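Remember, predicted model here, so these are calculated numbers, not experimental data.
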Amino acid sequence: MHEFPIRKITVTVEEIFHDGGPPAQQPRRRAAALAVVRNPFAGRHVEELQSAMDDLKPLGLMLTDRLISALGDARAIDGYGKGAIVGSAGELEHGALWHVPGGYAMRERLGEAKAIVPSAKKLGGFGARMDVPVGHINAAYVRSHFDAMEVGVPDGPRPDEIVFALVMTCGPRIHDRMGGLKASDIKAWDGLR
């Protein structure tokens, strides 16, 4: 059993009314939930890491539930992404621990969403920020939902910490007009189209 004690959780919600064009009838909402946790693998190489993903599943569910609560209605959420910023005493692979607990938690709570959860990870120092990529929850080829949300915490990650992030969105980019598959035209239900 690996331990990832939480030092801090932050939840941020954005409402985007326009992006230089006319105001939208309904603002686009984006939200990020971040947890700053101790990295039990910091400062040493550990060959077997996969079992630690199970230990992070409750954190994935907790952050997912906070995002759904912040956005108000799970049925309105149609975009998601995840990311991790690993402190300097860790390694990039420690950020990959978030793939299963972060991704599957969102897919489960959003009704078994079909599309892969876009992901990013990096090593970063104190105050590091990253862009978490976002895609549609049911079809990876829905261009209107390609986006990213910049996340970070001012006082982390410390060298022996990891910042785990989840992002959810409601609706397409505020002035999307690049064509491609529309969300209303998803039909294959294979996570792609």
Side-chain angles (χ1 to χ4, degrees), residues 11-16 19 24 26-35 50 52-54 56-86 92-122 129-152 162-193:
V11 177
T12 302
V13 179
E14 297 180 351
E15 288 185 284
I16 303 165
D19 193 25
Q26 182 170 352
R28 181 172 195 232
R29 292 178 296 140
R30 295 192 300 198
L34 288 74
Q50 284 189 18
M53 287 194 278
D54 287 336
L56 287 166
K57 285 181 179 178
L59 180 62
L61 291 168
M62 177 198 307
L63 294 183
T64 296
D65 291 341
R66 289 188 184 207
L67 279 176
I68 292 170
S69 177
L71 289 169
D73 182 1
R75 294 169 303 195
I77 297 167
D78 60 0
Y80 55 19
K82 64 184 183 297
I85 306 171
V86 180
L92 191 60
E93 200 65 9
H94 301 159
L97 289 167
W98 197 227
H99 284 308
V100 171
Y104 282 87
M106 290 193 292
R107 292 174 74 182
E108 176 185 317
R109 292 291 204 250
L110 295 175
E112 300 301 329
K114 305 290 183 228
I116 191 168
V117 181
S119 181
K121 66 194 73 48
K122 67 182 268 185
R129 300 188 64 78
M130 75 178 310
D131 289 338
V132 174
V134 175
H136 194 278
I137 65 171
N138 284 317
Y141 290 116
V142 177
R143 288 184 203 155
S144 60
H145 287 62
F146 294 171
D147 196 5
M149 185 172 181
E150 186 182 28
V151 302
I162 304 172
V163 177
F164 289 121
L166 297 180
V167 171
M168 291 182 182
T169 62
C170 299
R173 292 184 313 277
I174 203 72
H175 298 305
D176 78 281
R177 54 194 185 279
M178 291 298 121
L181 179 67
K182 293 181 181 178
S184 59
D185 294 333
I186 297 170
K187 52 186 148 190
W189 299 104
D190 60 1
L192 298 175
R193 298 185 182 275

Can you find a heavy atom in the side chain of [X] that is under 4.5 Å from one in the side chain of [Y]?
X	Y	result
I16	P27	no
Q50	V100	no
D131	M149	no
T64	M168	yes
F164	L56	yes
V86	K122	no

Problem - Pairs flagged by salt bridge (charged side-chain N to carboxylate O under 4.0 Å, His left out) wherever residues 92-104 is involved - sequence neighbours left out - result: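 Listed by first then second residue: nothing to list.
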
Completion exercise
So the salt bridge (charged side-chain N to carboxylate O under 4.0 Å, His left out) pairs with at least one residue in residues 177-187 (sequence neighbours excluded) are none

For a quick test of reading the model, state the closest non-hydrogen atom pair linking [X] to [Y] and the distance between them.
X	Y	value
A35	L59	CB-CD1, 3.8 Å
V13	A31	CG2-CB, 4.0 Å
A32	V151	CB-CG1, 3.7 Å
A148	R30	O-NH1, 2.9 Å
L181	A139	CD2-CB, 4.2 Å
A140	A115	N-CB, 4.0 Å

Residues in side chain to side chain donor-acceptor pair (under 3.5 Å) contact with [X], at least two apart in sequence or another chain:
X	result
N138	none
T169	R28
R29	none

For [X], give me all partners under side chain to side chain contact (heavy atoms under 4.5 Å, CB included), at least two apart in sequence or on another chain.
X	result
A74	I68, L110
A24	I174
D54	K57
Q26	none

Completion exercise
Across all chains, not counting sequence neighbours, the salt bridge (charged side-chain N to carboxylate O under 4.0 Å, His left out) partners of R143 are none

Problem - Test salt bridge (charged side-chain N to carboxylate O under 4.0 Å, His left out) applied to R173 - qualifying residues, sequence neighbours left out - result: none

Problem - Inter- and intrachain pairs under side chain to side chain donor-acceptor pair (under 3.5 Å), touching residues 96-108, at least two apart - result: H99-K121

Exercise for the section: Take atom CD1 of I116 as the centre, draw a 6.0 Å sphere, and report whether it contains more than 12 heavy atoms from other residues, nucleotides or ligands. Expected result: no

Exercise for the section: Could you tell me the separation between the CD1 atom of I77 and the SG atom of C170, rounded to the nearest 0.5 Å? Expected result: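 Reported to 0.5 Å precision, the distance equals 5.0 Å.
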
Handout entry: Atom pair CG/CG of L166 and L34 - distance to nearest 0.5 Å
Key =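 It is 8.5 Å, given to the nearest 0.5 Å.
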
Problem - Side chain H136, main chain V142, donor-acceptor under 3.5 Å - result: no

Problem - Check: I137 main-chain N/O paired with Y80 side-chain donor or acceptor under 3.5 Å - result: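 Yes.
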
Problem - Short N-O contact, D65 and R109, less than 4.0 angstrom - result: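 Answer for the salt bridge query: yes.
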
